[in-house]
Amino acid sequence: VPIQASQFDIWTLDPMEALIDQVHIINPTLKAYTLLNRASTNPSVKETTEAQDIVSEYENLTFSDIIIRDRIAFRKAAGEGKAVTEYLPKDNKAINELEALYHHLFSL
């Protein structure tokens, strides 16, 4: 469940929690993870930490510790029809964030 560290996205967590609770009746082994997307790169912005704290309160949603920051490289790469891993000049921070997501998803 990708969310942004914004109030609108945080408000969607209650209905998502209820939906996952209902799905557990059919699939009790289902695990739902959240990740923060488009998080601020500014270290003084505390919304990311606040969102992490809120997500940790949910029983059916596990915070994946994956944070994809709002980096211009993602927009520039998309504008050229490329993945951020293909875009030049390379943005190693953006690439590392996506690789962390990839490794998390495929190690489950």
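- For Asp14 against Tyr58, the heavy-atom pair with the smallest separation is OD1-OH, 2.7 Å.
- To the nearest 0.5 Å, atom CG of residue Leu98 and atom NZ of residue Lys93 are 15.0 Å apart.
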Worked check of side-chain hydrogen bond (donor to acceptor under 3.5 Å, both in side chains) between Asn42 and Ser40:
CA-CA 5 Å; Asn42 185 336; Ser40 176; 5.3 Å; no
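- If you take CD1 on Ile66 and CD on Glu99, they are separated by 11.5 Å, rounding to the nearest 0.5 Å.
- Both Phe63 and Leu19 are assigned to one and the same hydrophobic cluster, defined by single-linkage of ILVMFWY side chains at heavy-atom distances under 4.5 Å.
- In this structure, the side chains of Thr48 and Arg69 come closer than 4.5 Å at one or more pairs of heavy atoms.
- At a threshold of 4.5 Å between side-chain heavy atoms, the hydrophobic network of Ile, Leu, Val, Met, Phe, Trp and Tyr places Phe106 and Ile68 in one connected group.
- When the side-chain contact (heavy atoms from CB on, under 4.5 Å) test is applied to Ser6, the partners found at least two apart in sequence or on another chain are Gln4, Phe8, Asp9.
- The minimum heavy-atom distance linking Ile20 with Leu30 is given by the pair CG2-CD2, 4.2 Å.
- We find the OG1-CG distance between Thr62 and Asp65 to be 10.0 Å, quoted to the nearest 0.5 Å.
- In terms of hydrophobic clustering, with Ile, Leu, Val, Met, Phe, Trp and Tyr side chains grouped at heavy-atom distances under 4.5 Å, Ile67 and Ile10 are assigned to a common cluster.
- Annotation: side chain of Ile3 is in contact with side chain of Val55 (closest heavy-atom distance under 4.5 Å).
- Of all non-hydrogen atoms in Glu59 and Glu17, the two that sit nearest each other are N-OE2, 3.2 Å.
- Lys82 approaches Glu86 most closely through the heavy-atom pair CA-OE1, 3.3 Å.
- Closest approach of Ala94 to Val84, counting heavy atoms only: CB-CG2, 3.7 Å.
- When the side chains of ILVMFWY residues are joined at heavy-atom separations under 4.5 Å, either directly or via intervening members, Tyr33 and Val23 end up in two distinct hydrophobic clusters.
- Considering only heavy atoms from C-beta on, Asn60 comes within 4.5 Å of His24 through its side chain.
- Within the model, atoms OG of Ser64 and CG of Leu105 stand 8.0 Å from one another, a figure rounded to the nearest 0.5 Å.
- Linking Ile, Leu, Val, Met, Phe, Trp and Tyr whenever their side-chain heavy atoms come within less than 4.5 Å puts Leu36 and Leu13 in one cluster.
- Distance CD/Glu47 to CD/Gln52: 12.5 Å, rounded to 0.5 Å.
- Nearest heavy atoms, Lys90 versus Thr85: NZ-O, 3.5 Å.
- By the 4.0 Å N-to-carboxylate-O rule, Lys76 lies too far from Asp91 to be salt-bridged with it.
- Within the 4.5 Å cutoff, the side chain of Phe74 has heavy atoms near those of the Glu97 side chain.
- In this structure, the separation between CD1 on Ile72 and OG1 on Thr41 is 10.5 Å, given to the nearest 0.5 Å.
- A 6.0 Å sphere centred on CZ of Arg38 holds no more than 12 heavy atoms belonging to other residues, nucleotides or ligands.
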